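Every value quoted in this text rests on a predicted model; they were computed, and no experiment measured them. Below, chains carry the letters A, B, ... as their sequence lines are ordered, and counting in each starts from 1.
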Amino acid sequence: MSKLMNVYNRLFKHFGPQHWWPGETRFEVVVGAILTQNTAWTNVEKAIKNLKKEKMLNCRKIANMDIKKLEKMIRSSGFYKQKAEKLKRFCRYLDKNYDSNLNSFFNRSPDEIRTELLSLNGIGNETADSILLYAGEKLKFVIDSYTVRMCERTGIKKVKTYHQLQDFFEKNLPKDIELYKEFHALIVELGKNFCRKKPRCDECPLKNICKYGLSVHD
DNA sequence: ACCCAGGTGGCCC
DNA sequence: GGGCCACATGGG
């Protein structure tokens with residue numbers, strides 16, 4: 001078994017299934033992916049709840065809505081001025097080029113879609129891959145700061161760039177979309193529980209393979 | 001009173 | 001290619 005699968009099994013055994021991504025529709029997943037940038041998910045939930053309540057969780061509506069009104073509705077997700085612009089930019093783009101239809105948007109090769117997502121200001125590597133994996137059902141492994149930290153501390157992989165780490169995961173894991181979804185979610189859960197400023201390494205499911213043992217961090 | 005969250009882009013060297 | 005910074009609310 002690969003070292004990565006060993007890690008996955010440890011995490012799954014410890015935390016159980018994470019059921020990511022929460023969201024009733026593909027569009028909701030995309031909106032969440034943009035709003036959750038460097039922000040706690042609970043703050044994003046409130047913003048999405050507001051959009052739903054006002055029946056504004058809709059691509060064409062957001063594409064055309066007043067920016068100030070949008071800012072107010074997503075305020076709880078933080079960086080709300082930037083995020084309102086990002087959301088509108090994506091929605092305008094999708095409406096203009098794909099008639100607001102995500103099925104059409106995703107009906108191409110992952111790399112083609114990825115390039116297109118990255119061309120939109122406000123969507124970087126992680127957000128693009130989250131959208132591809134969780135909304136588009138594409139085989140793209142999502143890398144985030146927790147993934148980098150986990151790889152450094154366990155000595156799984158020396159980290160250089162986003163793409164190098166992503167290649168490493170994609171080459172050493174079975175080509176299974178559900179596994180990709182679950183693994184990324186589990187790594188986030190690991191990070192939230194054990195890799196903060198006050199770590200609890202004694203209870204960490206990776207304590208036996210983390211090269212830093214119980215005392216050294218970052 | 002801190003710390004930090006399911007990042008990104010701009011600017012500098 | 002890396003290092004630093006602004007962006008902002010809300011929970012522990």
Side-chain angles (χ1 to χ4, degrees), chain A residues 8 11-12 15-23 26-51 67-91 93 114-136 138 140-153 158-167 169 177-200 203 217-218:
Chain A
Y8 174 81
L11 296 182
F12 189 87
F15 294 112
Q18 300 298 302
H19 308 296
W20 273 26
W21 189 291
R26 289 180 138 180
F27 185 67
E28 185 174 336
V29 173
V30 173
V31 170
I34 292 171
L35 293 185
T36 199
Q37 290 172 357
N38 201 43
T39 298
W41 181 252
T42 49
N43 290 355
V44 178
E45 281 182 321
K46 292 169 187 163
I48 290 178
K49 191 176 284 184
N50 282 336
L51 290 170
I67 191 78
K68 290 294 174 190
K69 191 176 171 189
L70 182 58
E71 285 177 7
K72 192 172 289 183
M73 292 175 69
I74 66 167
R75 194 178 58 87
S76 68
S77 70
F79 307 125
Y80 62 88
K81 289 180 184 174
Q82 289 185 359
K83 285 177 179 174
E85 277 208 44
K86 293 180 188 186
L87 260 187
K88 258 184 97 69
R89 183 158 30 239
F90 175 83
C91 290
Y93 180 85
R114 194 174 198 283
T115 304
E116 218 165 312
L117 285 168
L118 290 179
S119 75
L120 268 33
N121 195 307
I123 298 183
N125 284 320
E126 185 182 341
T127 307
D129 288 331
S130 295
I131 291 171
L132 281 163
L133 177 62
Y134 292 102
K138 304 294 181 186
K140 279 280 174 197
F141 200 88
V142 180
I143 303 296
D144 70 343
S145 54
Y146 289 135
T147 314
V148 174
R149 208 177 299 171
M150 182 190 82
C151 288
E152 286 173 349
R153 290 187 182 182
K158 280 267 189 181
V159 181
K160 288 183 183 171
T161 68
Y162 184 99
H163 295 287
Q164 282 177 8
L165 195 53
Q166 184 176 49
D167 280 348
F169 273 80
I177 289 173
E178 293 308 312
L179 174 72
Y180 278 29
K181 289 181 177 179
E182 200 62 51
F183 202 173
H184 173 64
L186 286 167
I187 290 170
V188 172
E189 197 59 23
L190 172 77
K192 287 200 291 195
N193 285 282
F194 297 104
C195 298
R196 302 208 185 185
K197 280 264 168 130
K198 293 178 182 172
R200 313 193 329 256
E203 302 168 50
H217 302 92
D218 290 333

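If you check every strand for non-hydrogen atoms under 4.0 Å, A:Leu186 touches nothing. Heavy atoms of A:Glu126 sit under 4.0 angstrom from primed sugar atoms or phosphate atoms, though from no base atom. Residue A:Ile123 is in sugar-phosphate contact alone, with no base atom involved, counting any heavy-atom pair closer than 4.0 Å across all strands shown.
In this structure, A:Lys181 places its NZ atom 20 Å from P of B:dG6, rounding to the nearest Å. Atom OH in A:Tyr146 sits about 7 Å away from atom C1' in B:dG6, given to the nearest Å. In this structure, A:Ile187 atom CD1 and B:dA5 atom C1' are separated by 17 Å, rounded to whole Å. In this entry the distance linking NZ of A:Lys81 with C1' of B:dT8 reads 18 Å, nearest Å. Taking atom CZ of residue A:Phe79 and atom C1' of nucleotide B:dG6, one finds them 13 Å apart after rounding to whole Å. One atom, NZ of A:Lys46, and another, C1' of C:dT9, lie 9 Å apart when rounded to the nearest Å. Rounded to whole Å, the distance from CD1 on A:Ile74 to C1' on C:dA8 is 11 Å. When the P atom of B:dG9 is taken as reference, atom CD of A:Gln37 falls 8 Å away, rounded to whole Å.
Spacing of C1' atoms, C:dG10 relative to B:dA1, comes out at 15 Å, to the nearest Å. For the C1' atom pair drawn from C:dG2 and B:dG6, the interatomic distance equals 24 Å after rounding to whole Å.
Residue ring and base: A:Trp41 counts as stacked with B:dG6 (centre distance below 5.5 Å, interplanar angle below 30°).
Between B:dT8 and A:Thr127, a contact under 4.0 Å exists linking OP1 or OP2 to a side-chain N or O.
Side chain of A:Asp144, nearest nucleotide from C:dT9, B:dG7, B:dA5: B:dG7. Counting only heavy atoms from C-beta on, A:Asn121 has its side chain closest to B:dG10 among B:dG10, C:dA8, B:dG7. Nearest nucleotide to the side chain of A:Asn38, out of C:dG10, C:dA8, B:dT8: C:dA8.
Summary of the strand contacts: A:Ala128 and A:Asn43 both lie near DNA chain B, and taking for each the nucleotide with the nearest heavy atom, the more 5' one is attributed to A:Asn43. Closest-nucleotide positions on DNA chain C for A:Ser76 and A:Thr161 were compared, and the one nearer the 5' end corresponds to A:Thr161.
The six-membered or imidazole ring of A:Trp20 lies away from that of A:Trp41, with a centre-to-centre distance of 6.0 Å or more.
No hydrogens or angles considered: a donor-acceptor pair under 3.5 Å links the side chains of A:Glu116 and A:Tyr93. Side-chain atoms of A:Lys140 and A:Gln166 include no donor-acceptor pair closer than 3.5 Å. No hydrogens or angles considered: a donor-acceptor pair under 3.5 Å links the side chains of A:Arg114 and A:Asn125.
With respect to the salt-bridge test (charged N to carboxylate O, under 4.0 angstrom), the residues A:Arg149 and A:Glu152 do not qualify.
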